[in-house]
Amino acid sequence: MVTAAGLAGAQPMDIPAELAEARVPAAPGTGAQAMFVLGFFRGAPYNLGHARDILAGTAFTPAFDAWCGTLPQVDFTNGTTVDSLGRSAPSTMCLPFHDPLVEQMHPCRPLPGLPTGTYSTNGGAVLRLRGWFAVRAPGAYTFAWGHDDGMAFDIANVPVFSYLDGTAPRVDRRVLRFAAAGLYPFQLDWFDSIGGALIDWYVAEGEHPEGELAAAGFRLVPTADLYPSGALPCTPDCRRCALPTPRCDYAASRCVACLDDRDCARGTRCTDGACAAPPAPDAGAPTDAGPRADAEALDGSADGGAGAAGPGGGCGCAAGAKTPAPGGALAAMLGLSLARYRRLRRRERTTSP
């Protein structure tokens, strides 16, 4: 546990409402995007500026490997130290590329999808996290960061705190007074040069510039309050999304054409990240036979129109027989009336004088 001697107080900082980029959505967050770069030389990077040059690809020191993805929270170590509340696994998670079986003093929890096996106390690393954090009500909040080595935290390009050089595990904090609720963009940079590695991020309501974290009710910034913003590359090999797959599926760390039906053209649907026409109805289904088949079923023409013959001299009442048309019945009645009229005329002629 970091003692009170390792704590640093700070003056409160006002965060204006215009720094919020959006309202807090109803859906909970899923985490923040991260970019982890593994240094090539022992002891590099040696300060925060060097670490940022490595991230930008402008440093003379080459990078050994890199990984990008979405992380649920900020509480990472290489197993050489516990977090700022004195905890190890499962709260503390293993940094990317760290092999938890090598040079480990304290257990850490490997996250699914993180590469392992090439990072230990003898390798330097740089981690950048970007996204939005949710402030659900205006007021004062105290942020605290445990770190070994240096780190920096910005809100919408406004520097909030930075520690430039290497250090043993320590905690620094800032009291932030938010004028409004909203989603605020942030960037957290951290580096490890050699030896112990630790970075965590805590929050507590109210102003707590001093004192133990546990006594003041500090908690890790929860996953539900962290939202990916698309500011960092999407795929594990740190590739950004472009046409024809311009959107990032953060949960799977892959580039896709669509995330839901709203990303697709009219008449198509989003299925497994691609826009496609909905499947055609089953042609064999009774409901798909159409009006012509319905008419054929009623008049028996589906079997060629022959139908079953009715009894002689009567109507066609057998199954599948056609019902006589109204015109035929009328013609028959007219024929009977005409024959009766002719018989009466012949009878009159034979009986007249």
Side-chain angles (χ1 to χ4, degrees), residues 8-25 29-37 45 47-59 63 66 68-71 73-74 76 125-147 149-165 167 171-192 199-203 207 209 220-223 225-234 238-241 248 250:
Q11 295 297 319
M13 180 176 181
D14 293 328
I15 306 298
E18 53 264 28
L19 292 187
E21 291 191 349
R23 294 181 179 180
V24 178
T30 58
Q33 285 181 280
M35 182 175 181
F36 186 94
V37 178
N47 61 25
L48 185 61
H50 187 201
R52 286 174 165 170
D53 288 341
I54 291 176
L55 281 169
T58 59
C68 294
T70 301
L71 299 177
Q73 56 188 187
V74 185
F76 293 95
V126 185
L127 178 66
R128 170 168 289 174
L129 291 104
R130 293 191 69 180
W132 294 306
F133 66 88
V135 174
R136 301 187 182 276
Y141 298 83
T142 304
F143 284 2
W145 304 274
H147 58 98
D149 291 293
M151 54 85 56
F153 185 87
D154 301 337
I155 297 178
N157 297 322
V158 175
V160 174
F161 172 79
S162 63
Y163 192 97
L164 303 180
D165 301 312
T167 179
V171 175
D172 288 287
R173 62 180 80 182
R174 285 291 183 268
V175 174
L176 306 177
R177 295 169 176 168
F178 291 90
L183 284 184
Y184 289 81
F186 77 92
Q187 177 172 302
L188 190 157
D189 289 346
W190 165 86
F191 75 91
D192 169 50
I199 178 64
D200 50 39
W201 178 18
Y202 292 83
V203 63
E207 301 188 12
L220 289 170
V221 176
T223 303
D225 287 345
L226 297 174
Y227 295 81
S229 64
L232 292 178
C234 175
C238 297
R239 179 172 55 87
R240 292 186 179 274
C241 297
C248 182
Y250 299 108

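Everything numeric in this text was worked out from a predicted model, so none of it was measured.
In this structure Arg177 satisfies the salt bridge (charged side-chain N to carboxylate O under 4.0 Å, His left out) test together with Glu207, sequence neighbours excluded. Applying the side chain to side chain donor-acceptor pair (under 3.5 Å) criterion to Asp189, with sequence neighbours excluded, gives Arg52, Arg128, Gln187. Under the rule for a side chain to side chain contact (heavy atoms under 4.5 Å, CB included), the partners of Pro159 that lie at least two apart in sequence or sit in another chain are Asp154. Every residue meeting the ring-ring contact (aromatic ring centres under 6.0 Å, His included) condition with Phe143, not counting sequence neighbours, appears here in chain and number order: Phe133, Phe153, Trp201. Here Pro16 pairs with Glu18, Leu19 under the side chain to side chain contact (heavy atoms under 4.5 Å, CB included) rule; sequence neighbours left out. Not counting sequence neighbours, the partners of Ser162 by the side chain to side chain contact (heavy atoms under 4.5 Å, CB included) test are Leu48, Ala152, Leu164. For the side chain to side chain contact (heavy atoms under 4.5 Å, CB included) test, residues two or more places apart in sequence or in another chain that qualify with Thr167 are His147, Tyr163, Arg170.
Results of the side chain to side chain contact (heavy atoms under 4.5 Å, CB included) test with Met35 over Leu129, Leu127, Leu232 single out Leu232 as the only residue that passes.
Screening residues 129-139 for salt bridge (charged side-chain N to carboxylate O under 4.0 Å, His left out), with sequence neighbours left out, gives Arg136-Asp225.
Residues Leu183 and Pro25 form a side-chain contact, since some pair of their non-hydrogen atoms from C-beta on lies under 4.5 Å apart.
Surrounding CG of Asp14 are more than 12 heavy atoms belonging to other residues, nucleotides or ligands, all under 6.0 Å away.
Between Pro45 and Val126, the shortest heavy-atom distance links the atoms CG-CG2, 3.8 Å.
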